[in-house]
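Any value given below was found using the heavy atoms of this structure, including those in side chains, with hydrogens, waters and symmetry copies removed. Heads up: numbering here begins at 1 and tracks the sequence.
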Amino acid sequence: MRRMRLAVAAFTAAAAALLTTGAAGADVSRTAPVPSEEGTARLAPGFSHGKVSVTGGTLHYVRGGSGPALVLLHGWPQTWQMWEKVMPTLAREHTVIAFDLPGLGESSIPSGGYDKAATARRIHEAVVKLGLKQVGIIGHDLGALIAYPYARDYPGEVSRIAAIETPLAGFGLEDLYGISWHFRFNMSPAPIPETIMDNDDVRTYLGMMFGFSHQPGAINAEPYFQAYADPARRTAGYEYYRAFAADAENNKAGAGRKLTAPVLAVGGQYSFGEGVGGSFGQVADDVRTVVAPDAAHFVPEENPEFLAKCANLFFGAKGTVPPAGLEACAA
């Protein structure tokens, strides 16, 4: 818990500095998003789009590579595209499947079930329908909150998980509510944020969020502005936040069944740092804490080379000798 308090303090200081610049530092003028029609995605050769039916709708995904399966779960306010920089490297050794979370990106919008345990069930349903029996999971932000109940509720089907840049609800997430007004705003009951935030405000609001980065120019924000231009998609995003209280209750109730799958807890050097490991250490037996250098909250985009190398070590063959600086990543 001391590590979590230190991480919160560090994040608060970083947030104060970043919010003075807000969206001004974000690169918002880069390329348009990849089209999501079935077929070949504009990524490295061998990647393609697909959709799979699950309870309450369909999930969009991008898949490529071969070998043991890795499921990638994005955070808010992003889509599967946050993984574009790391997917080609991961696909050299793994079958990589990056989902759009239910209600976000190009996935359909369910009428309910935004708590993380229910979302994990939907992701699991998709994984099974795609013919995958055992997976590793990498989750960022909301995606890490979903990875935990997935690994807890399907322990025999998860090899390992990597949790990036968030503590768990019930185990430290609540300590962050005071550092940025977006937590309480997104959690507000409908239609408060829906009424206050209109389409013209998307760039300003999300631009502020991408200000929580050490290298804002590394983030291709334009696809995310477009993805959340739809009010229904914004509501889906709010619903994930509105479920945090239920998530905390579910996590605490299930914490007696500690995860047996190893956890790679990744915090950005200029954000949570070791705090992610401090949170997940309360619900898992085997937690390896890693601090991603030269990155704040958006590690997969700010330092994709480090993350891809670290993930390939963690999800790779045991006994691999890691390069200097990546010792904690080794399987």
Side-chain angles (χ1 to χ4, degrees), residues 1-11 14 68 70-75 82-83 85-87 89-90 92-94 96 135-148 150-151 158-168 171-173 176 212-215 218 258-331:
M1 291 304 294
R2 179 177 180 274
R3 285 192 296 174
M4 179 56 65
R5 289 194 294 271
L6 290 173
V8 170
F11 189 80
L70 273 183
V71 170
L72 309 184
L73 303 176
H74 67 83
M82 68 166 293
W83 303 109
K85 294 180 181 179
V86 299
M87 288 171 71
T89 301
L90 295 177
R92 294 173 190 168
E93 301 180 19
H94 299 90
V96 178
V135 300
I137 305 174
I138 306 178
H140 173 263
D141 190 80
L142 285 182
L145 302 183
I146 297 162
Y148 166 63
Y150 192 120
V158 177
S159 60
R160 304 173 158 239
I161 70 170
I164 306 171
E165 270 293 298
T166 186
L168 285 167
F171 295 94
L173 183 63
L176 303 181
F212 287 107
S213 58
H214 179 60
Q215 301 187 59
K258 283 203 168 185
L259 297 187
T260 55
V263 177
L264 183 71
V266 182
Q269 178 184 359
Y270 298 98
S271 187
F272 291 124
E274 295 184 351
V276 181
S279 178
F280 275 81
Q282 299 175 70
V283 299
D285 287 328
D286 183 354
V287 178
R288 294 82 175 295
T289 296
V290 171
V291 176
D294 300 319
H297 184 62
F298 299 97
V299 175
E301 289 154 297
E302 295 182 72
N303 198 341
E305 182 178 1
F306 174 86
L307 180 61
K309 288 179 178 179
C310 185
N312 272 337
L313 282 167
F314 180 69
F315 292 99
K318 292 183 179 180
T320 303
V321 178
L326 293 170
E327 291 85 357
C329 305

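- A donor atom on one side chain and an acceptor atom on the other are found under 3.5 Å apart for H297 and D141.
- By the 4.5 Å heavy-atom criterion applied to side chains, L72 and M87 are counted as neighbours.
- Side-chain contact between L145 and L168 is present, with heavy atoms from C-beta onward closer than 4.5 Å.
- The shortest distance between side-chain heavy atoms of F306 and P293 falls below 4.5 Å.
- Within the structure, the salt bridge (charged side-chain N to carboxylate O under 4.0 Å, His left out) test picks out the following pairs touching residues 275-298 (sequence neighbours left out): D286-R288.
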Taking it one step at a time, do E301 and M82 satisfy side chain to side chain contact (heavy atoms under 4.5 Å, CB included)? CA-CA 7 Å; E301 289 154 297; M82 68 166 293; 4.0 Å; yes

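- Residues V263 and Y148 have side chains not in contact (no heavy-atom distance under 4.5 Å, counting atoms from C-beta outward).
- Rounding to the nearest 0.5 Å gives a distance of 6.0 Å between CG of L73 and CD1 of I137.
- By the 4.5 Å heavy-atom criterion applied to side chains, V71 and Y150 are not counted as neighbours.
- Side chains of V276 and T166 form no contact here, defined as non-hydrogen atoms less than 4.5 Å apart.
- When side chains are defined from C-beta on, L307 counts as touching I164, because their heavy atoms get closer than 4.5 Å.
- Across every non-hydrogen atom of V86 and P300, the tightest pair is CG1-O, 3.9 Å.
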Run the side chain to side chain contact (heavy atoms under 4.5 Å, CB included) check on L90 and I138 step by step: do they pass? CA-CA 11 Å; L90 295 177; I138 306 178; 4.2 Å; yes

Does the pair L70 and W83 meet the rule for a side chain to side chain contact (heavy atoms under 4.5 Å, CB included), with working shown? CA-CA 12 Å; L70 273 183; W83 303 109; over 6 Å; no

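- Note that OH of Y270 and OG of S213 are 12.5 Å apart. Values are rounded to the nearest 0.5 Å.
- The distance from the NZ atom of K258 to the CD atom of Q282 is 8.0 Å, given to the nearest 0.5 Å.
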Counting only pairs under 3.5 Å, give me each side-chain donor-acceptor contact of residues 309-317, with atom names and distances, residues two or more places apart or in other chains.
residue : atom : partner : partner atom : Å
K309    : NZ   : E305    : OE2          : 3.1
N312    : OD1  : H94     : ND1          : 3.4
N312    : ND2  : T89     : O            : 3.4

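- The distance from atom NE2 of H140 to atom CD1 of I146, rounded to the nearest 0.5 Å, is 12.5 Å.
- You'll find the side chain of C329 reaches within 4.5 Å of the side chain of V290, heavy atoms only.
- In this structure, F280 CZ and I161 CD1 are separated by 5.5 Å, a value rounded to the nearest 0.5 Å.
- For the residue pair S279 and F171, the shortest heavy atom distance occurs at OG-O, 2.7 Å.
- To the nearest 0.5 Å, atoms CG (L264) and OG1 (T289) are separated by 8.5 Å.
- Looking at E302, its side chain does come within 3.5 Å of a backbone N or O of A296 through a donor-acceptor pair.
- E165 places a side-chain N or O within 3.5 Å of a backbone atom of G268 that can act as its donor or acceptor partner.
- What you find for S159 and P262 is that their closest heavy atoms are O-CD, 3.5 Å.
- The heavy-atom pair separating A292 from V266 by the smallest distance is CB-CG1, 4.1 Å.
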